[in-house]
Participant: 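Okay, here's the structure, questions in a sec.
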Amino acid sequence: MPTNTYTPLANVTLGSNAATVTFSNIPSTYRDLIIVINGTVNFAGADSTLIRFNGDNASNYSNVRMVGTGSGSGTSYADTASYAYIGVPTSSDRFAIVTQVMDYSATDKHKTLLSRHGQASGWVTAHAGRWASNTAINSVTLLANASGVVFYSGTSFSLYGVIA
Amino acid sequence: MPFGLGFFAAAGAGVAGGSFDLLETQVLGTATASITFSSLSSYSTYQHLQIRFTAKSTRTGDQSDLNWYANGNTTTSHYASHLLYGNGSSVASQGLTNDISLGFISGSLPASNRANQFQAGVIDILDPFETTKNKTVRFLRGSASSWYLGAGDIGLGSGVFLSTAALSSFTIRDRIANLDVGSRFSLYGIKAA
């Protein structure tokens, strides 16, 4: 029987600037998570918006991403880091990021994320990330990245759960 | 800035009959060459379909290809695909017509010896039951896995099935080996207003 899903779990609109936003106590009821960010940052150059799971800040994240800057054929990067990348916004204008965290509640596989970021006056980027852990995700932390970078007041963060 | 979610934990999985509905899920307990959603005709009240997956291959030491075809039709001339992808060092675009890949999704399905590493993807099937249109899909898929060519890849693409027939089945296959145990494919329906 069809079962309604894409369930809104939480929505936060910042009342003041913040460097990080954490959703905690995420239930394992769902299979995938979808995170939607619509906002602005204070960094004039391109800097990456980051994500961590379960507070893990060790180098357990593998990343590959491609970037279009508005000129040229685009570039691609890969690394292993203490976070995964989900976008590369600048302060030029409002940005949007949609991140899919697949099989977040599974305990038999690493967690893979897919993310897309776009910004009319900035860059368009796509990301794949892998958290090398079989542990179910129960918290998600979103970081504005470098020291001094913040999400501006008014930036919204929406979290959805999708069953399977 | 922490936000606890305990207050909605009892919200559960939702109710029947929404605008975005789970229809079926297949999680592989044994490796298999392909999976098929074969009852699409019973979902014709939906305007669009979406497949969300995590998958890997039984191929050893090398990545594999992930393809799709519809209505059991494996005539290569009925499919075309475009892909834009980045592999960690460069970005490239690729077009395929009349190709054995049929509807192409990925050439970077993680090999079986990449323990616990799966490729993820979201495939949108647009207007699958319209009988005046060829059938179009689009997808985002990627894996930051340690495959033999490097770091994995991230790609987005589109494909067409050159048929105006309503979709009755949709098959996803590992073109070279088998889809490995633990691979998961979930089908969703999206309503129109």
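Chain A is the first sequence line, chain B the second, and so forth, proteins listed ahead of strands; every chain is numbered from 1. Just so it is clear, the values below take in all heavy atoms, side chains as well, and ignore hydrogens, waters and symmetry mates.
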Participant: Hey, could you give me the OH/CG distance between A:Tyr6 and B:Leu22, rounded to the nearest 0.5 Å?
Facilitator: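 So the OH of A:Tyr6 and the CG of B:Leu22 are separated by 14.5 Å.
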Participant: So if I take each residue of residues 60-69 of chain A and look for any heavy atom under 4.5 Å from a heavy atom in chain B, which residues do I end up with?
Facilitator: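 Counting heavy atoms that sit under 4.5 Å from chain B, the residues of residues 60-69 of chain A involved are A:Ser62, A:Asn63, A:Val64, A:Arg65, A:Met66.
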Participant: Any idea which of B:Ser42, B:Ser89, B:Ala92 has the most non-hydrogen atom pairs under 4.5 angstrom with chain A?
Facilitator: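 Maximum pair count with chain A is reached by B:Ser89.
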Participant: Hey, could you give me the CD1/OG distance between A:Ile163 and B:Ser186, rounded to the nearest 0.5 Å?
Facilitator: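 Rounded to the nearest 0.5 Å, the CD1-OG separation comes to 9.0 Å.
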Participant: The test is side-chain contact (heavy atoms from CB on, under 4.5 Å); show your working for B:Leu140 and A:Arg116 and say whether it passes.
Facilitator: CA-CA 9 Å; B:Leu140 174 68; A:Arg116 288 189 66 183; 3.7 Å; yes
Participant: Closest approach of A:Ala128 and B:Ala144, non-hydrogen atoms and distance?
Facilitator: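 Closest approach of A:Ala128 to B:Ala144: O-CB, 3.7 Å.
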Participant: A:Thr5 versus B:Asp21: any side-chain heavy-atom pair under 4.5 Å?
Facilitator: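 No; the side chains remain at least 4.5 Å from each other.
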Participant: Measure B:Leu84 against the heavy atoms of chain A and call it side chain, backbone, both or neither at under 4.5 Å.
Facilitator: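 Contact with chain A is through both the backbone and side chain of B:Leu84.
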Participant: According to a 4.5 Å side-chain heavy-atom criterion applied to Ile, Leu, Val, Met, Phe, Trp and Tyr, with indirect links allowed, do A:Leu50 and A:Phe157 form part of one hydrophobic cluster?
Facilitator: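 No: no chain of side-chain contacts under 4.5 Å links A:Leu50 to A:Phe157.
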Participant: With rounding to the nearest 0.5 angstrom, report the CD to CE distance, B:Glu24 to A:Met1.
Facilitator: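 Output value for this atom pair is 14.0 Å.
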Participant: Output the residues of residues 94-105 of chain A for which the shortest heavy-atom distance to chain B is under 4.5 Å, in residue-number order; output 'none' if no such residue exists.
Facilitator: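 If one takes a 4.5 Å heavy-atom cut-off, the residues of residues 94-105 of chain A near chain B are A:Gln100, A:Met102, A:Asp103.
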Participant: Okay, side chain of A:Thr112, backbone of B:Phe118: is any donor-acceptor separation there less than 3.5 Å?
Facilitator: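 Side chain of A:Thr112 to backbone of B:Phe118: a pair is present.
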Participant: A:Leu159, A:Val21: one ILVMFWY side-chain cluster at the under-4.5 Å cut-off?
Facilitator: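 Same cluster: A:Leu159 reaches A:Val21 through Ile, Leu, Val, Met, Phe, Trp or Tyr contacts under 4.5 Å.
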Participant: Which one wins on heavy-atom pair count under 4.5 Å against chain B: A:Asn134, A:Asp108, A:Leu142, A:Leu14?
Facilitator: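 Most heavy-atom pairs within the cutoff with chain B belong to A:Asn134.
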Participant: How close do A:Asp32 and B:Arg184 get, counting heavy atoms only, and between which atoms?
Facilitator: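 Heavy atoms of A:Asp32 and B:Arg184 come nearest at OD1-NH2, 2.6 Å.
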Participant: Side chain from CB out, backbone as N, CA, C, O: work out which of these in A:Leu143 comes under 4.5 Å of a heavy atom of chain B, or both, or neither.
Facilitator: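 It is neither, since no heavy atom gets under 4.5 Å.
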Participant: Between CZ of B:Arg114 and CZ of A:Arg130, what distance do you get to the nearest 0.5 Å?
Facilitator: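 Here the interatomic distance stands at 10.0 Å.
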Participant: Keeping to residues at least two apart or across chains, list the salt bridge (Lys or Arg N to Asp or Glu O under 4.0 Å) pairs with something in residues 84-99 of chain B.
Facilitator: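 Found none.
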Participant: So which part of B:Tyr188 gets closer than 4.5 Å to some heavy atom of chain A, the side chain, the backbone, both or neither?
Facilitator: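 For B:Tyr188, the contact with chain A is made by the side chain alone.
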Participant: B:Thr54 and A:Arg31: side-chain contact (heavy atoms from CB on, under 4.5 Å), yes or no, with the steps?
Facilitator: CA-CA 11 Å; B:Thr54 55; A:Arg31 189 76 180 219; 5.5 Å; no
Participant: Out of curiosity, does B:Ile35 fall in the hydrophobic cluster containing B:Phe53 (side-chain heavy atoms, cut-off under 4.5 Å, transitive links)?
Facilitator: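 Yes, same cluster.
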Participant: Do other residues, nucleotides or ligands put more than 12 heavy atoms under 6.0 Å from the NE2 atom of B:His48?
Facilitator: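 Yes.
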Participant: Output the residues of residues 73-85 of chain A for which the shortest heavy-atom distance to chain B is under 4.5 Å, in residue-number order; output 'none' if no such residue exists.
Facilitator: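 When heavy atoms of chain B are the reference, residues 73-85 of chain A contributes A:Ser73, A:Gly74, A:Thr75, A:Ser76, A:Tyr77, A:Ala78 within the under-4.5 Å range.
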Participant: According to a hydrophobic-cluster definition based on side-chain heavy atoms being under 4.5 Å apart (Ile, Leu, Val, Met, Phe, Trp, Tyr only), do A:Val36 and B:Leu156 belong together?
Facilitator: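 Different clusters: A:Val36 never reaches B:Leu156 through Ile, Leu, Val, Met, Phe, Trp or Tyr contacts under 4.5 Å.
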Participant: To the nearest 0.5 angstrom, please state how far the OG atom of B:Ser143 sits from the NE2 atom of A:His110.
Facilitator: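 Reported to 0.5 Å precision, the distance equals 13.0 Å.
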Participant: Quick check: is B:Phe139 connected to B:Val160 through a chain of hydrophobic side chains (ILVMFWY, heavy atoms under 4.5 Å apart)?
Facilitator: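 Each belongs to a different hydrophobic cluster.
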Participant: Could you pull out the closest heavy-atom pair between B:Phe20 and A:Val162, with the gap in Å?
Facilitator: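 Of all heavy-atom pairs spanning B:Phe20 and A:Val162, the closest is CE2-CG1, 4.4 Å.
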